[in-house]
Amino acid sequence: MERRRVVVKVGDEVPQVGTLAFGIVDRGTNVIEVRPTSLCPLSCIYCSVNAGPRSRNRWAEFTVEPGTLLGALEDVVRFKGVNDVEVHIDGMGEPGVYPHLTELIKGAKSIRGVSVVSMQTRLYMLTEDKLRELANVGLDRINLSIDTLNPERARYLSGTSWYDVKRVMELARTALDLGINVIASPVWLPGINDEDVRELITWARNAGLGMGKLPPVLIQKYIPHKRGRKVKVRVMPWGEFWRELRRWEVELGVRLTMSNEEMNIHKAPELPRPFKVNEEVKVHIISRGLIRGEFLGVVKPLRNDVVYDRVITVVAKPELEELLINSTVRVRVIENDHNIYIGELIIK
Ligand code: SF4
């Protein structure tokens, strides 16, 4: 049994809707999530998607051809029929390592109906020149994942000895100088980085993050995920979390919350869900899925229409790999929330 992870290059033959691992995720708003790669060189100790070299449960990674992603994005934007779409580049990896980032941002920004292109990143892998390039093709905002300004704790939290948070702070300032807005989005791990988050808020405010239009920092609550890496900390109830944020807002005189309305996030037509839960579908298995024991399949027959074609994650015993890949099987859909399809193999 092959233990190493494989990297699957995704092209035009693969639908771009149906998985969280790559492609397009539509949650029924004017924000469309675009996921070019699941690769990440860091191994954050709390990573909810279990990415990076230290992942123990991934057995495949995905990277999408830019033309494939942009073609699908254009169709989804057209389907939405609104003129204020925000394309948010994120994913189950680090979009900053995607080699076609400039092409992706340039293409996304030129689609009629797209008003904002933003990106979630840790920023450390970019250079001043690259940021200039991204600013020139229209990147509007960076949501900066940064959990502390303390270099040692930053290395600990990122699970990576070479991660340099001071360099990240320099790059954030450069992005602002180039006209790209930056907001920090630290994960708050109670008992580990409480003081760091407070320090981060002060730095972000003084450095001009948010550009006076958005809060400089939007703090993320730590939530352990079933398949993510977990940290032994107290999981704060939501009520307490919001109370603490309001307390910090008053104490530091900084806005730390914002409503969807203020962020211009609103409902917009959601892609139809072509397959129902419990429905049996015919699936051509093309590769492993992201997590060991998952396979990636294309639901057949294809209509060659982004709005209706789907990929599906099929759960099956890893030992069946040789038998399953490149074969066509029957699958029962067990989940289809927001068009993320999970199915189980039907063995007759
Ligand atoms: S939290 Fe983000 S940067 Fe850290 S390992 Fe996960 S995907 Fe990579």
Side-chain angles (χ1 to χ4, degrees), residues 5-28 32-39 49-51 57-77 79 89-93 95 98 104 227 270-316 318 320-321 323-346:
R5 263 176 263 177
V6 295
V7 179
V8 181
K9 277 199 173 177
V10 175
D12 283 347
E13 65 290 352
V14 182
Q16 292 302 297
V17 179
T19 174
L20 290 171
F22 64 84
I24 290 175
V25 179
D26 167 32
R27 301 182 196 269
I32 301 175
E33 295 167 34
V34 171
R35 305 183 157 204
T37 184
S38 64
L39 288 163
V49 296
N50 220 315
N57 59 8
R58 286 193 182 194
W59 70 341
E61 302 285 359
F62 297 88
T63 172
V64 189
E65 293 298 328
T68 302
L69 207 41
L70 285 168
L73 178 62
E74 195 167 354
D75 289 354
V76 176
V77 173
F79 173 86
I89 303 169
D90 66 350
M92 299 179 88
Y98 184 57
L104 181 62
R227 288 163 159 184
E270 188 167 358
L271 291 171
R273 276 180 242 185
F275 310 105
K276 297 189 191 71
V277 170
N278 282 329
E279 188 172 338
E280 281 189 25
V281 288
K282 195 163 91 175
V283 171
H284 186 68
I285 305 285
I286 55 171
S287 70
R288 292 175 173 181
L290 191 80
I291 307 285
R292 191 173 154 77
E294 290 178 353
F295 296 87
L296 184 75
V298 174
V299 186
K300 297 284 183 164
L302 285 176
R303 291 163 69 166
N304 293 319
D305 185 340
V306 173
V307 173
Y308 295 103
D309 290 336
R310 298 287 178 265
V311 281
I312 182 166
T313 298
V314 178
V315 181
L320 295 175
E321 180 178 6
L323 209 69
L324 284 178
I325 292 179
N326 291 326
S327 63
T328 301
V329 293
R330 306 264 336 149
V331 166
R332 177 173 295 106
V333 175
I334 54 174
E335 265 183 57
N336 68 355
D337 291 353
H338 295 300
N339 265 305
I340 305 304
Y341 283 86
I342 302 182
E344 59 188 10
L345 199 61
I346 299 173

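Along the sequence shown, residues are numbered consecutively beginning with 1. Worth knowing before you read on, the calculation uses all heavy atoms, side chains too, and leaves out hydrogens, waters and symmetry mates.
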*Within 45° of the axis and under 6.0 Å from the centre of the six-membered ring of Y308, does NZ or CZ of R303 qualify?*
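Yes, a cation-pi geometry holds between R303 and Y308.
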Partner of [X] under side-chain contact (heavy atoms from CB on, under 4.5 Å), chosen from [options]:
X	options	value
R310	V298, N336, N339, V333	N339
V34	L69, V64, V25	L69
L296	V314, I286, I285, I325	I286

Determine the minimum heavy-atom distance between [X] and [Y], stating which atoms define it.
X	Y	result
R5	A60	CG-N, 3.6 Å
D90	P36	O-CD, 3.6 Å
I89	L104	CD1-CD2, 4.0 Å
Y98	P66	OH-N, 3.2 Å
P15	L302	CG-CD2, 3.8 Å

*asked:* Within the 4.5 Å heavy-atom criterion, are R35 and L20 side-chain neighbours or not?
replied: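 They are in side-chain contact.
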Distance, nearest 0.5 Å, that separates [atom1] of [X] from [atom2] of [Y]:
X	Y	atom1	atom2	result
I32	L271	CD1	CG	8.0 Å
L290	M92	CG	CE	5.5 Å
D337	R27	CG	CZ	10.0 Å
T313	I340	OG1	CD1	8.5 Å
T68	Q16	OG1	CD	6.0 Å
I24	T19	CD1	OG1	12.5 Å

*Take V299 and Y341, measure what side chain to side chain contact (heavy atoms under 4.5 Å, CB included) needs, and give me the verdict at the end.*
CA-CA 10 Å; V299 186; Y341 283 86; over 6 Å; no
*Is the F62 ring parallel, tilted or perpendicular to the F22 ring (thresholds 30°, 60°)?*
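Geometry flag for F22 against F62: tilted rings.
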_Do R58 and N50 pair up side chain to side chain, a donor and an acceptor below 3.5 Å, judged on atom types alone?_
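Absent: no donor and acceptor within the cut-off.
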*asked:* S38: which residues meet the side-chain hydrogen bond (donor to acceptor under 3.5 Å, both in side chains) condition with it, sequence neighbours left out?
replied: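 Applying side-chain hydrogen bond (donor to acceptor under 3.5 Å, both in side chains) to S38 gives E61.
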_Check against salt bridge (charged side-chain N to carboxylate O under 4.0 Å, His left out), E294 and R227_ = CA-CA 13 Å; E294 290 178 353; R227 288 163 159 184; 2.5 Å; yes
*Determine which pairs satisfy salt bridge (charged side-chain N to carboxylate O under 4.0 Å, His left out) with at least one residue from residues 8-26, sequence neighbours left out, and list them in order.*
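Sorted result for residues 8-26: D26-K80.
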*So which pairs with a foot in residues 323-334 pass side chain to side chain donor-acceptor pair (under 3.5 Å), sequence neighbours left out?*
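Listed by first then second residue: H284-T328.
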*Would you find a donor on one side and an acceptor on the other, under 3.5 Å apart, between the side chain of W59 and the backbone of I291?*
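Yes, W59 side chain to I291 backbone: donor-acceptor pair under 3.5 Å.
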